[in-house]
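The block underneath contains the structure these notes are about, expressed in C-alpha cells.
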Amino acid sequence: MNTRHFLSTQDWSRSDLDGLLDKAREFQRSKLGDELQGKSIALLFFNPSMRTRTSFELGAHQLGGKAIVLAPGKDAWPIEFEVGSVMDGETEEHIAEVARVLSRYVDLIGVRAFPKFQDWTVDREDRVIKAFAKYSTVPVINMETITHPCQELAHIMALQQHLGPDLKRRKYVLTWTYHPKPLNTAVANSALQIATRYGMDVTLLCPTEEYLLDPRYMEFARQNVAENGGSLTVSHDIESAYRDADVVYAKSWGAIPYFGRWEQEKPIRDAHQHFIVDEAKMALTNNGLFSHCLPLRRNVKATDAVMDSPSCIAIDEAENRLHVQKALMASLARPGVGSGE
Ligand code: CP
C-alpha cells in the first residue's frame with residue numbers, strides 16, 4: 001500500500017481538505033484529544049520557524065503524542081540527498097538511511113526545507129521533501145518547502161470564519177510586497193493554489209511580469225479555476241487590484257528570473273516599496289480582510305495601522321495552524337480520522 005503524504009494540497013481532494021477543516025474546527029472548540037496516543041512525529045527543520053515548530057509540537061502534545069524536533073546540520077547529522085554521491089564532503093549520512101531509520105521510530109515526519117535561492121531550476125524540484133517521501137514508510141508532512149500547504153489550510157479556515165463557508169466568487173488579491181531580501185515563493189504559490197481551489201476571483205498583483213510565479217503554480221491555478229469556477233487575473237495596477245476586494249493577502253517573494261543574481265533584482269525590488277499594504281489601499285476594498293502568514297516586517301510589508309485594524313486576521317490564521325495541523329496529524333496517523341473519505 002502506498003504511504004499517503006501531505007506534500008501539496010493539489011494532491012488532496014476538496015472533500016479531504018474540507019474534512020480536515022471540519023476536524024480542525026472541532027479541535028478549536030475542544031483542544032485535547034487522544035488521537036495521537038502512543039504516536040510520535042519527527043519534525044525536521046532545515047530553516048528557522050516560530051509558528052510551525054510551536055504549533056506542531058504543542059498539537060502533538062495536546063493529542064497525547066510526542067514530537068521530536070531535529071535540525072539537520074546543527075543538532076543532527078548533515079544529510080546527503082544526491083543519489084550515488086561519494087560522500088567525502090560535509091554530509092555524514094544519506095537520506096536513504098535517515099528516512100528509513102526515522103520510519104522505524106516515529107509515525108509521522110514533518111519537513112521544512114526552503115529553496116537554496118541559487119538556481120530555481122534546482123529548487124523547483126523540491127528534492128529534499130521528495131526524497132523524504134521516497135524513502136519514508138510513514139506519512140511525510142510539508143512544513144514549508146516551495147509550497148506551504150499547512151498555511152493554506154489555516155488561511156482558508158480563517159477566511160471561512162470571517163466570510164462564511166462558501167468563498168466562491170469572493171474577490172481575493174494576492175499582493176507582492178516589498179522586503180529588503182528576496183524571499184521564498186512558497187506562500188505565494190500556496191495562496192494562488194488554495195484561493196483558486198475554493199472558487200475565488202483571484203488577482204495576482206505584482207510589480208512586473210518578472211514577479212509572476214513559477215508556471216507550475218500558475219497552471220495549477222488555471223486548472224483550479226476550470227474545475228471550481230472563479231477566475232485568475234494578473235495585474236500590475238495597485239488601485240484596480242484593490243478596488244472592491246474582499247480579501248487582501250500579502251507576501252513578498254524573489255523574482256524567479258533573478259535567482260542567484262539578486263544584486264540585479266535589487267533595483268527593481270527597491271523601486272516598488274510603495275506596494276506596502278496601507279490604510280489608503282485597504283480603503284479601496286469592499287471592507288476587505290487583510291492577512292499574512294507571518295512573520296511580517298511592520299511598516300515595510302504592511303503598516304502598523306493595517307496590522308492593528310479589525311480587518312487584520314493574521315493572528316486568527318496563525319492560531320489556526322495549531323487546529324489544522326492537529327487535524328492533519330490525526331488523519332495521517334490514524335487514517336479515517338478527519339478525512340472526507
Ligand atoms: N507562517 C509560518 O510558517 O511561520 P514560521 O516561519 O514562524 O513557522
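Ligands are counted one by one from 1 in listed order, and the atoms in each one are counted from 1 as well. Worth knowing before you read on, the calculation uses all heavy atoms, side chains too, and leaves out hydrogens, waters and symmetry mates. Residue numbers count from 1 along this sequence.
By the criterion of a heavy-atom distance under 4.0 Å, neither the backbone nor the side chain of Val187 is placed next to ligand 1.
Listed by atom number, the atoms of ligand 1 under 4.0 Å from Cys293 heavy atoms are 1 (N). Per-residue contacts place His148 under 4.0 angstrom from the following atoms of ligand 1 (heavy atoms of the residue considered): 2 (C), 3 (O). Contact atoms of ligand 1 toward Arg321: 1 (N), 2 (C), 3 (O) (distance under 4.0 Å to a heavy atom of the residue). Taking every non-hydrogen atom of Gln151 and a distance limit under 4.0 Å, the qualifying atoms of ligand 1 come out as 1 (N), 2 (C), 3 (O).
The shortest side-chain heavy-atom distance between Phe220 and Met218 does not fall under the 4.5 Å cut-off.
Heavy atoms of Arg112 come nearer than 4.0 angstrom to ligand 1 in at least one pair.
For ligand 1, the polar-atom distance check against Pro295 finds no nitrogen or oxygen pair separated by under 3.5 Å. Considering both main-chain and side-chain atoms, Met50 comes within under 3.5 Å of ligand 1 through a nitrogen or oxygen pair. Residue Thr52 has at least one nitrogen or oxygen atom sitting less than 3.5 Å from a nitrogen or oxygen atom of ligand 1, judged on distance alone.
Here the options are Tyr242, Trp176, Tyr178, Trp253, the test is ring-ring contact (aromatic ring centres under 6.0 Å, His included), and the partner is Phe275; only Trp176 passes.
A donor-acceptor contact under 3.5 angstrom links the side chains of Arg261 and Gln264, judged on distance only. A donor atom on one side chain and an acceptor atom on the other are found under 3.5 Å apart for His179 and Arg297.
Looking only at heavy atoms of the protein, atom 4 (O) of ligand 1 is closest to Arg51 NE, 2.9 Å.
Salt bridge status for Glu227 with Arg222: absent, with no side-chain N to carboxylate O gap under 4.0 Å.
Atom NZ of Lys168 has more than 12 heavy atoms from other residues, nucleotides or ligands within 6.0 Å.
Using bins of under 30°, 30° to 60° and over 60° for the plane-to-plane angle, the ring pair Tyr249/His292 lands in the tilted bin.
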